[in-house]
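These values consider heavy atoms only, across backbone and side chains, with no hydrogens, waters or symmetry-generated copies. Computed from a predicted model, the values in this text were never measured in an experiment.
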Amino acid sequence: MNIRAATKSILPDFRHAFGQLTHHKLRSALTLLGMVFGVAAVIAMLAVSEGGRREALLLVEGMGVNNLIVEANEGRGDELREVRSLSDGLTTGDAFAIKETLPFVEAWAGVRRINVWNLISHEGQSNADVLAVSPSYFSLSGLEPAQGSLFNTSDDSHFAQKAVLGDAASRQLFPNGEAIGKRIKINYLWVEVIGVLRDTQIQGEEFQGEQVGGESERAYIPLQTGLKRLRLSPLASELSSLKLKIGTSVSPGEAARAVEHLLNQRHGGQEDTRIVVPARLLAQQRQTQRIFTIVMSAVAGISLLVGGIGIMNIMLASVLERKSEIGLLRAVGATQMDVVRQFLVETAVIAFMGALAGVVLGIAIAYVIAAFAGWSVAWSIPTIALAVGVCVSIAVGFGVYPSLSAARLDPVEALQSE
């Protein structure tokens, strides 16, 4: 009953507030601008920030948050020959030694990047990268087949001439459709396509200085097939990279130090490998994003404060204009709280309308940024609601002083102001 009575008493205030806005259209529009741009800045910042966060998570999930990636450092010329006199580079032997020596390493997958000069089918051609990988590579990278199947350890040990294609590579090689069961030629080796990977929607790009993603634009063959049936550079290391799955009993940083120490011993002290820690890259990206969010939030906050000050100025001017109206209200029995409520409702209505317009403008700005800068954007309903709530709260806060000023006017003097 009390709620119904309160609703009935406040509805006339809302009607009166909308009447004041329509009565002074230009002034109302100028008052709204501060809130509109402030909220738009907040919404655009949150959309870009959330989009960056989700994209970073997708990229790191492709690398594996609990993985370590050991990459071979290939030198050139005499430098490489000198290194090879002391170290064979990154090999499958290193992988077996790491697995047997370090108990926190649960699985590994070797990768050899193939130097491709010819990748064709009877229906098309592609410039996709070709990787010779261990069968466990797919599970460690979160890759699943959309069609067909993946090669297994038996295929790897028997040098099977099989291939799994990324979604984009499949479309390039087989533009007419079905790829399963058909053959492609990698350099001089014909292989049969047994599977096509599910599209991860992640393009190849640089993340914290590391090249990640791009699985859709690759072709995969068994590791031993690539090592035994395709010609490799005589001085190249057996593996281009090694992906290690780390258990939860140890932190990625500690695991990286242990792996580095073991490889240093096996490679005669030669620094011919480097270790990438995806969890560390994610932490660096989050720190960068946090700084960006703080700076943008400060700018957006200043915009909202300026908008709040503008609302306070307009409301003070409205109090001066409506002295006689306020006096009449007090004369017919309105209390000071009734006057305060009326002006605060007007302030809230102005702020809410500005916030809604700001949300629309912010969404538009976010998509413009995404189109021109190539950044991804994402939306979170709770954060949008929070931005609107903060906007209205700031405006109502700045509207308290004008409301109290109106309520404290002497009714007699207010009626005589005309």
Side-chain angles (χ1 to χ4, degrees), residues 62-64 67 69-72 74 88-99 105-121 126-170 172-174 178-200 214-234 236-245:
M63 300 173 73
N67 293 342
I69 300 173
V70 183
E71 295 185 341
E74 301 284 3
D88 293 332
L90 190 61
T91 66
T92 53
D94 291 327
F96 285 113
I98 290 171
K99 180 68 171 64
V105 177
E106 298 179 351
W108 65 271
V111 179
R112 177 68 233 179
R113 185 176 294 274
I114 304 300
N115 183 22
V116 179
W117 66 84
N118 186 37
L119 179 58
I120 61 172
S121 71
S126 173
N127 57 357
D129 293 331
V130 176
L131 300 183
V133 300
S134 303
S136 56
Y137 176 86
F138 300 106
S139 61
L140 293 187
S141 302
L143 300 176
E144 299 177 348
Q147 304 172 34
S149 60
L150 307 175
F151 45 77
N152 53 37
T153 52
S154 177
D155 297 326
D156 189 44
S157 60
H158 288 87
F159 318 136
Q161 294 179 205
K162 297 180 179 180
V164 174
L165 301 179
D167 182 71
S170 175
Q172 292 170 359
L173 290 166
F174 300 98
E178 183 65 37
I180 306 300
K182 296 182 180 179
R183 302 174 71 203
I184 62 173
K185 187 177 184 181
I186 302 172
N187 295 343
Y188 49 81
L189 180 70
W190 284 97
V191 297
E192 179 186 353
V193 177
I194 63 170
V196 176
L197 295 176
R198 192 180 309 279
D199 190 4
T200 59
E215 287 82 2
S216 177
E217 300 172 352
R218 292 174 183 164
Y220 303 87
I221 60 175
L223 178 62
Q224 294 302 322
T225 302
L227 295 178
K228 305 300 182 183
R229 297 187 182 277
L230 290 171
R231 186 178 297 119
L232 304 176
S233 171
S237 62
E238 185 180 23
L239 299 179
S240 301
S241 64
L242 179 62
K243 185 170 286 192
L244 306 172
K245 182 181 180 182

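No side-chain donor-acceptor contact under 3.5 Å links Ser170 to the backbone of Val196. With hydrogens and angles ignored, the 3.5 Å screen pairs a side-chain donor or acceptor of Ser237 with a backbone N or O of Leu239. With hydrogens and angles disregarded, no donor-acceptor distance shorter than 3.5 Å links the side chain of Ser216 to the backbone of Asp199. A donor-acceptor contact shorter than 3.5 Å links the side chain of Asp156 to the backbone of Gln224. Judged by distance alone, with hydrogens and angles left aside, the side-chain atoms of Ser141 form a donor-acceptor pair with the main-chain N or O of Tyr137 at under 3.5 Å. Checked by atom type and distance alone, the side chain of Asn187 never pairs as donor or acceptor with a backbone atom of Leu189 at under 3.5 Å.
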- Task: For the pair Asp94 and Val70, evaluate side chain to side chain contact (heavy atoms under 4.5 Å, CB included) and give the outcome as yes or no after the intermediate values.
- Result: CA-CA 10 Å; Asp94 291 327; Val70 183; over 6 Å; no
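Between Ala160 and Pro222, the shortest heavy-atom distance links the atoms O-CG, 3.7 Å. Contact record, Lys162 with Ile221: O-CG2, 3.5 Å, taken as the closest heavy-atom pair. Nearest approach of Leu119 to Ala128, heavy atoms of both residues: CD2-O, 3.7 Å. Summarising the geometry of Leu173 relative to Ile184, their closest heavy-atom pair is CD1-CG2, 4.0 Å, with the distance given to 0.1 Å. Listed here is the closest heavy atom pair of Leu223 and Ala132: CD1-O, 3.4 Å. The two residues Ala219 and Leu165 come nearest to each other via the heavy atoms CB-CD2, 3.6 Å.
Classification of the Phe96-Trp108 ring pair by plane angle, with boundaries at 30° and 60°, yields perpendicular.
With values rounded to the nearest 0.5 angstrom, Leu150 atom CG is found 7.0 Å from Ile194 atom CD1. One distance of note links CD of Glu71 with OG of Ser241; it measures 6.0 Å at 0.5 Å rounding. Residue Leu140 holds its CG atom at 10.0 Å from CD of Glu106, rounded to the nearest 0.5 Å. Atoms OG and CG, from Ser149 and Asp155 in turn, are 8.0 Å apart once rounded to the nearest 0.5 Å.
Of the listed residues (Val191, Asn118, Thr225), just one forms a side-chain contact (heavy atoms from CB on, under 4.5 Å) with Ile186, and that residue is Val191.
For the 3.5 Å distance criterion, the side chains of Thr92 and Glu238 qualify, holding a donor opposite an acceptor.
Scanning for side chain to side chain contact (heavy atoms under 4.5 Å, CB included) contacts around Asn115 gives an empty result, with sequence neighbours left out. Partners of Ser126 under the side-chain hydrogen bond (donor to acceptor under 3.5 Å, both in side chains) rule, at least two apart in sequence or in another chain, are Gln172. In this structure, Lys245 has no side-chain hydrogen bond (donor to acceptor under 3.5 Å, both in side chains) partners at least two apart in sequence or on a different chain.
With contacts defined as side-chain heavy-atom distances shorter than 4.5 Å, the pair Asn67/Leu244 does not qualify. Side-chain contact between Leu230 and Tyr188 is present, with heavy atoms from C-beta onward closer than 4.5 Å. In this structure, Leu242 and Leu90 have side chains that are in contact, with non-hydrogen atoms separated by less than 4.5 Å.
Residue pairs that meet the salt bridge (Lys or Arg N to Asp or Glu O under 4.0 Å) test with at least one member in residues 129-146, sequence neighbours left out, are Arg113-Asp129, Glu144-Arg198. Residue pairs that meet the ring pair (Phe, Tyr, Trp, His ring centres under 6.0 Å) test with at least one member in residues 149-168, sequence neighbours left out, are Phe138-Phe151. Here salt bridge (Lys or Arg N to Asp or Glu O under 4.0 Å) pairs that include residues 179-197, with residues two or more places apart or in two chains, are Glu123-Lys182.
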